[in-house]
Structure formats: structure tokens, C-alpha cells
Amino acid sequence: MSLILAKIRFWLLDITYQVVGREPQILIWGITEDNRRVLLIDRSFRPYFYVLPREGADISKLKSKIKALSVARSPITSVEEVSKKYFGKPVKVLKVVTVIPDQVPKYREEIKKFPEVKEVLEADIRFSMRYLIDYQLKPSSWHEAEVVKYDKKTNIRVDEVYYVKPPIKPINIIKEPPLRKLAFDIECYNPRGSPSPERDPVIIVSTYSSSEGLKQFVAKNHDDKGVLESFVKYVQEQDPDIIIGYNSNRFDWPYLIERGKRLGIKINVGRTGAEPNPSVYGHISVMGRANVDLYDFAEEVYEVKVKTLENIADYLGVMPKNKRVLIEWYEMPKYWDDPSKRPLFLKYGADDVISTYGLGEKFLPFAIQLSSITGLPLDQVGAASVGYRVEWYLMREAYLANELIPNRVERPYESYRGAIVLEPKKGVHENIAVLDFSSMYPNIMIKYNISPDTYIPPDEEEPPEGAWVAPEIGHRFRKEPPGFFKRVLETLLKLRKQVREGMKKYSPESPEYRILDERQKALKVLANAMYGYQGWVGARWYCKPAAEATTAWGRQTIKKAMEFARKLGLEVIYGDTDSIFVKYDKEKVEKLIKMVQEELGFEIKIDKIYVRVFFTEAKKRYAGLLPDGRIDIVGFEAVRGDWADIAKEVQEKVMEIILKEGSVDKAVEYVRKVIRDLREGKIPISKLIIWKTISKKLEEYEVEAPHVAVAKKMVEMGLKVSVGMKIGYVITKGSGRLADKAVPYFAAKIEDIDANYYIEKQVIPAVARVLAYFGITEKELKATTVKSQRTLFDFFR
DNA sequence: GCCTTGAAGTTACCG
DNA sequence: ACCGGTAACTTCAAGGCG
């Protein structure tokens, strides 16, 4: 080994650890400035945790008791008293250092039993994450390190292996390295329903990369040995940094691995000899690469209700549905077995993988920013839920503030009061401004210093600095010093402001602009999730009084704003949580904005202006016409995923006719036409499908709702139904419960459709919700004769 | 035994 | 595995009626 120290700059792709002999080693996978793939090994880091003694405990006795636990395979190398803070209060804790990470939970369990010990803290933080936190390294960001070349030959697939001399230092560079990305997608032979790896071969593996484009591996009839082997070889040759899939954590990878086991083929696609393996948050880890499942990000595209690859790619303009090959899963065996159809199947696989790659281009910049901000490695950040993303950010901040990280404890669920929603003034209103509080909850938390560490329990006296007292519920929070959450929120908001400021230096087309834009979005998501986090029973920093106080102040704030509006003579039409709908009187609205700013200390903004907006008596549902002619539909069936397309379409159209043209009769006429078409079987099945999610195991349902009954039928047909899956069904003619008449959409014929159900229970309820307000009865909708011309305006004179 | 009614279960939305 | 508030559907069992 040469001893020449060199300085390198690298982008942190992934981090893991291994134990070699009795030495733990941190492995950092990176990409250097000059485009080399490197592995950095840090042999100097050791696992540790803290012991919080009970008050009055004999510290030196405790120390020696802990030391006495030391075992040879992973000795306790030091027990030292250090000063930390716990929920803002200074505490003395014992820092216990050992050698082998796996030994930490064992020590924790034994130490917990000592009567002198109140709590063992930070013993559940994974070794590699501990490293990131302690050196404040950020995945998906640039760093600088002093390294020594590791000269011996290894079978690790990188350009260079180094020993690193800590500390590695983060550096601030905006650009991304030239990442090698490879998208992949598998197709399986499935003549008996859902494919199973014990039985059904992988017939096509499609891949796409920017350098090589499309490359497919195809089975010889039902022999897929070659497919797996050549795919693995191809990944190794291409050596991608990021492997992109769609639902790959739950399907493609587990299938390939299980299939590989059957065939005796090792799916060793990583940068070491290891196979991909299941890891935290349900993601599959590929050593030395970032395995990213885009499904995690597609889940946040709420406009798309059935989140198939085709639908998401279509919606985001990555690949329009009408420009690609679409094959339903039940037709696949046919396309495979028929030589004349097989090319089309291959094209289908190609379109899928090209869509996946395209979605990667859409989602990865955000994923990278989220990873860099939260500190979660790129392959985990998508799979981690919002709560964990927030938590990782908090844990890093806690370290910086010398705060101990609380343990995760199991608690029973507790509810508390939330926001207020106003009863809307029903009917049609013209020229309405929607005013929104900007980041209401974060700003409330900042203003009233709401945080787990500033909360004053009822039995404690008020501190001399004074306290903020929440309305209605009376929870108190000390005014000084600034609490943990306040500091974190201020940092997040400040950072976001800086990033948005920084964006101005670049043209909107530049990569820097795009990166910064994704970054500010990620910061916003994080800030907005802080309120929900504190009320989450699974949170380390769970604090119900804090959550409860936040909503209480929220209610007070919006109520005051509404009072101001009324005082100014502005009629309040509606309001929900942090928004109020008022008549758009420009001067008065400007006054209101000023008043709220000056008297309440919060910013409100005009979010949008409706030329015309319609409310029924229901809360959380309205439809408005925007100045540019677009129709905004909120809450109604038209924006819900669990109504048949035909009902949604008709409702939307009716809203449009009413809001734009004001013609009730035209709307009625249109509805009648659709009802006729339904009776005559002219509406295709695709518009009749109702999609509903299976939210728990089938046997756990207490009521057999239609989608549950259909799911059970699907299981009988040999299909896998898993939690989280959307079931598409249609209602057919017959008697009994709806559940008895519901069948999977792919198993229905148009002649069997129960038109009556779609008329009575889908189309009519959806449109009657709107038209009933204009005096139209269900009878009139079903009637065939037309009455005199009426318009919207006849009803509001 | 049939019909009505309301509670309970369930889903997906809003902010 | 972030929160509560809300609308609306279907099932299911209880109660009323004959």
C-alpha cells in the first residue's frame, strides 16, 4: 500500500458497512469529479450509544457496571460522561463505545435492566447512518476527502478503492455528476393468472440507458436461463450508478431473485458479488448502486388515480397512451405464444422500459434533492414515508444542536381536534377571491414557539420568560429560548428562500435552475410535514399537545381573519383550514391582506380568483370557473378515483355548461343523451369501471363490499391480490347485493352490464348533486321530453 | 318473510 | 407508518309490519 495522501472530490451515491475480522468498515460509494467510480473505506469509525442515568444514580458505579459487560468479540472500549441536551434540558449521559455494530442492541438490552438507568438512547441508529450524521455527510451531494490508494487487487467493480482519512467534508456544488442510469422492466409468462417465479419464466427483460438505448433479453420459448444470465452480465458491463424500475421493489427484483434461485443463477448485479437484498422501508438494496423504484414517486401524483406505468407516463407526457403498444396482462401469454404477435409484445416491453427511463428523468432530480436534504441515501428516500423523511432531517439537526435523539416508543393512538371548515353559502357566486395563509401551520409553530422541548406540562410553573398559551385548550409553550422545531422550521424556510433567490441567477432552461427548483420543492414538502409529524404517534418527537396547540391557534387565526373580512364588509362564502373565499372587492381585499399581516402577523395571499363558483350544501366540494376559462373541480365525484368514468365525465361536462354558458336545459339535454346511450349499451366498458383500493388483507374485512367480493373472485381465478392494489370492477345485471353483481372489468361483456345501476347510482347522483340546485329532479333527467328554456340566471334574480 | 332504517364499515377526498 | 375533517357509498342487523 502506498502512503501518498491524495485529495479527491466525489458525489456520495451510497453508504454501507461491513465487518472484516473484528473491524467495522464504513463503505462509501462515490463518483468523482473526473467521472471515476470509487469506493472509500473508513476503518476508524466505531459504534456507540448513550446511557441516561436516573437522577441521583451513582455514576461511577454505573460506569463500572457497564464496563463489566464487555465481551471479547466486541469489547466496550470506552464509557465516558458527556454533556448533551434532552428535550432542551442539559443532561449528563454516558457515551458507550464498542466495536461491532451488531453488538449494540445486545448491550442496550442489558444496560436497560440496570436500576440506575433511565433510558438507553441512540442505540437503534444504523451504523452507516450514524456515520452520515456524525460527519454531516449528505447523500447525493459533493464531498472532499483525503485518501490513500488501496493497491491490492479486489473484485469490487469500481475504478479505484481508497482508504479514507476522516473527516470527509461536504462541499457545496450544485451540479450533478454524469450519472449512468439504467432502466429495466421484466415480463413474465402468466397463462395461469399472476406469474409465480416457482413456475413461470421471465420471458423478456427490457433495459434502457442513455448510452446504449434499448436492449432486450428474450427467452427461448419457456427457457429463461439465458435471459437472467445475459441481463446480469449486461448490468455488470454497463455498470450503472442508478438502476431505475417501476414497482421493482415489490415485483421485478423479488421475482428475479426467486427465479434465479430456482435456476441456480446468481443475480449479482451490484458492485460486489452480493445479490440485491431487502432492506429498510421495503426497498431492495443493490450494493454500490442506487436502486430507485419510481412507483414511490408516482404515488405522489394524485391526479392519476390508477397508478400504472402507462397512466403515469401518459399523464406526465413521457409517453402518450395512444402512441404506444398496450397489452392487458391477461393477453400476454397469447402474445408470447403466437409468433406473429410476439414482436408486438417486445414492443410493449420496450415502451414500458422507455417510459420508465423517461419517468426517471422526471422524478430523479426531485429524489436527488430530497435525498440530499433529508440525508437519506437515494435508494431509500423514495421508499421512506413522509414521517421518516422528516425524522431523518430532524435527527441530523438534533446532532448539530447537541440534542439527544429520543427513542421510538410504541404508543396508543390519540385523537385531537383539527382545523375548521365553514358551512359554504350554497349556490353560484360571481367574482370570488380565494385567500390563503402562506404555510399556516409552520408559521404558527414558529410564532408561538411550539415544540416538544418548549412545552410546559400542566404541573410545571410558568418560566420567567413567559409562555404562549394556546386558545381553547390552554397548552403552554415557553417563549424563550427558541425550540427545536422552531429552529428547524426557520432553517427550512430560510433555506427555501435562499434557493428561490438563487434560482434567479439562472435561466429557467438551465440545469441549475431545475435542480434548485426541485430543491425548493423538497424543502417545502418537508416544512409542511412538520405539523403532521408532531401529531404522529410513531414519531420520535411525538408531542400531542404541540399538534393540538397548532390546530387551536390555526382555528383562532382563521376565525380572526374572517372577522376582519366581515368588518370590512366582505362576505365570506366559504373557508377551510387556512383559506377564505370572499367577494373580490379589490380595495377591501387588499385592506384585508394588510390587516391580517399587521394585526395577526401572518401573510395571506390571493391564491386564485373565480369568475363564478358553485357550492352545494356540502363542505370540501365546489366547482369554479377561472378567468382563463378553465374549470376547477374540488372534492366532487369528477375528481374521485372511485367513480365510473362515465359519471365523472358527465358531471364535469354539466359543471362546465352551467358555469360557462349558464344553460341548465343544455346540461339536462346532455345528461339525457348519456342516459339513452347507457340504456342502449353504447357506452364502452372502459368508462364503466369502478376502481377501489384493497386496504387490508381480504380476510380482515368485516363487510363484503363490491371491490372485496371482486378481489376474492380474482384470487379464485389465480390472481394475486395484495394490500394497496386497486381493483377494477363493473356491475352486471342480476339480483342480490352489489357485491354479488360486481365482476372484474376484464371478465365482463357489454351485454351483461347493468345499465340501470350506472344510470341510477352513478350518473344521476353525480349530476343531481349539481342540477338539483337548479330545480331539476331525477324524473326530469330520466324523462324524454324537453321543457322550456331556462338559464342559470333565472334562478338567481 | 319482507321492507325500512340507521349504524357501522369503508374509501377517497380537502387543506 | 404525517394530521384531522368531511362526504358518500354499501352492507348488515335490528325493528316494524302483516
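Reckoned from all heavy atoms, side chains included, excluding hydrogens, waters and symmetry mates. Note that the coordinates shown come from a computational prediction; the quantities given were computed from them, not determined experimentally. Chain letters run A, B, ... following the sequence lines, proteins first, then strands; residues in each count from 1.
Comparing B/dA12, C/dA7, C/dA1 against the side chain of A/Asp642 picks out B/dA12 as the nearest. With distances taken from any side-chain atom of A/Lys761 to the nucleotides B/dT11, C/dT10, C/dC12, the minimum falls on C/dT10. Set against C/dA1, C/dA8, C/dG5, the side chain of A/Glu637 has C/dA8 as its closest nucleotide. Checking C/dC9, C/dT10, B/dT11 against the side-chain heavy atoms of A/Lys692 singles out B/dT11 as nearest.
Using a 4.0 Å cut-off between a side-chain N of Lys or Arg and a carboxylate O of Asp or Glu, A/Arg640 and A/Glu637 do not qualify as a salt bridge.
Note on A/Tyr416: every side-chain N or O is 4.0 Å or more away from OP1 and OP2 of C/dC2. Between C/dT6 and A/Arg621, no contact under 4.0 Å exists linking OP1 or OP2 to a side-chain N or O. Taking side-chain N and O atoms only, A/Thr693 has a distance below 4.0 Å to OP1 or OP2 of B/dA12. At B/dG15, none of the side-chain N or O atoms of A/Ser579 fall inside 4.0 Å of OP1 or OP2 (strictly under the cut-off). For the pair A/Lys620 and B/dA12, the criterion of a side-chain N or O lying under 4.0 Å from OP1 or OP2 is not met. Regarding contacts with the backbone of B/dT11, a side-chain N or O of A/His707 is found under 4.0 angstrom from either OP1 or OP2. Proximity of A/Lys619 to the phosphate of C/dT6: a side-chain N or O atom is located under 4.0 Å from OP1 or OP2. For the OP1/OP2 pair of B/dG15 and a distance below 4.0 Å, the side-chain nitrogens and oxygens of A/Tyr574 include no atom meeting the criterion.
The residue A/Glu704 sits close only to the backbone: its heavy atoms come under 4.0 Å of sugar-phosphate atoms, none of a base. Within the nucleic acid shown, A/Val390 has no heavy atom closer than 4.0 Å to any nucleic acid atom. As judged by a 4.0 angstrom heavy-atom cut-off over every strand, A/Val708 is placed among residues making no nucleic acid contact. Within the 4.0 angstrom heavy-atom criterion, only backbone atoms of the sugar-phosphate kind lie near A/Lys696; the bases stay farther away. Across all strands, A/Gly535 comes closer than 4.0 Å only to sugar-phosphate atoms, never to a base (heavy-atom distances). As judged by a 4.0 angstrom heavy-atom cut-off over every strand, A/Tyr542 is placed among residues making no nucleic acid contact. Among the protein residues, A/Tyr622 comes within range of the sugar-phosphate backbone only, with heavy atoms under 4.0 Å from sugar or phosphate atoms but none that close to a base. Among the atoms of the strands shown, only primed sugar atoms or phosphate atoms (P, OP1, OP2) are found under 4.0 Å from some heavy atom of A/Ala739. Counting any heavy atom pair closer than 4.0 Å across all strands shown, A/Thr551 reaches no nucleic acid atom. The residue A/Gly387 sits close only to the backbone: its heavy atoms come under 4.0 Å of sugar-phosphate atoms, none of a base. Among the protein residues, A/Tyr757 comes within range of the sugar-phosphate backbone only, with heavy atoms under 4.0 Å from sugar or phosphate atoms but none that close to a base. Residue contacts shown for A/Thr550 are absent, as no nucleic acid heavy atom lies under 4.0 Å away. As judged by a 4.0 angstrom heavy-atom cut-off over every strand, A/Lys726 is placed among residues touching the sugar-phosphate backbone only. Looking at heavy-atom distances under 4.0 Å, A/Tyr441 makes no contact with the nucleic acid at all.
In this structure, A/Trp541 has its ring center closer than 6.0 angstrom to the ring center of A/Phe484. Note: A/Tyr455 and A/Phe477 meet the aromatic proximity criterion, with ring centroids under 6.0 Å apart.
For the pairing with A/Ile580, the side chain to side chain contact (heavy atoms under 4.5 Å, CB included) check across A/Val596, A/Leu422, A/Leu570, A/Ile558 returns one residue only, A/Ile558.
Taking atom CH2 of A/Trp536 as the reference point, atom P of C/dG4 lies 13 Å away to the nearest angstrom. We find that OH of A/Tyr701 is positioned 8 Å from C1' of B/dT10, with the value rounded to whole Å. In this structure, A/Ile690 atom CD1 and C/dA8 atom C1' are separated by 13 Å, rounded to whole Å. When rounded to the nearest whole Å, the span between CD of A/Glu760 and P of C/dT10 equals 12 Å. When the P atom of C/dC2 is taken as reference, atom CZ of A/Phe485 falls 15 Å away, rounded to whole Å. In this entry the distance linking CE of A/Met440 with C1' of C/dG4 reads 14 Å, nearest Å. Rounding to whole angstrom units, CG of residue A/Leu738 and P of C/dA8 are separated by 18 Å. For the pair A/Glu702 CD and C/dA13 P, the computed distance is 11 Å after rounding to whole Å.
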Test log, rule salt bridge (Lys or Arg N to Asp or Glu O under 4.0 Å), inputs A/Lys620 and A/Asp576: CA-CA 8 Å; A/Lys620 296 190 181 278; A/Asp576 183 351; 2.8 Å; yes
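The base of C/dA1 is not paired with the side chain of A/Tyr281 by any donor and acceptor separated by under 3.5 Å.
Note on ring orientation: taking the six-membered ring where Trp is involved, the planes of A/Tyr622 and A/Phe581 are perpendicular (angle over 60°, cut-offs 30° and 60°).
Under 3.5 Å, the side chains of A/Gln534 and A/Tyr441 contain no donor-acceptor pair of N or O atoms. Side-chain contact, A/Ser451 with A/Arg487: no donor N or O sits under 3.5 Å from an acceptor N or O.
Of the two residues near DNA chain C, A/Val703 and A/Arg769, the one whose nearest nucleotide lies more 5' is A/Arg769.
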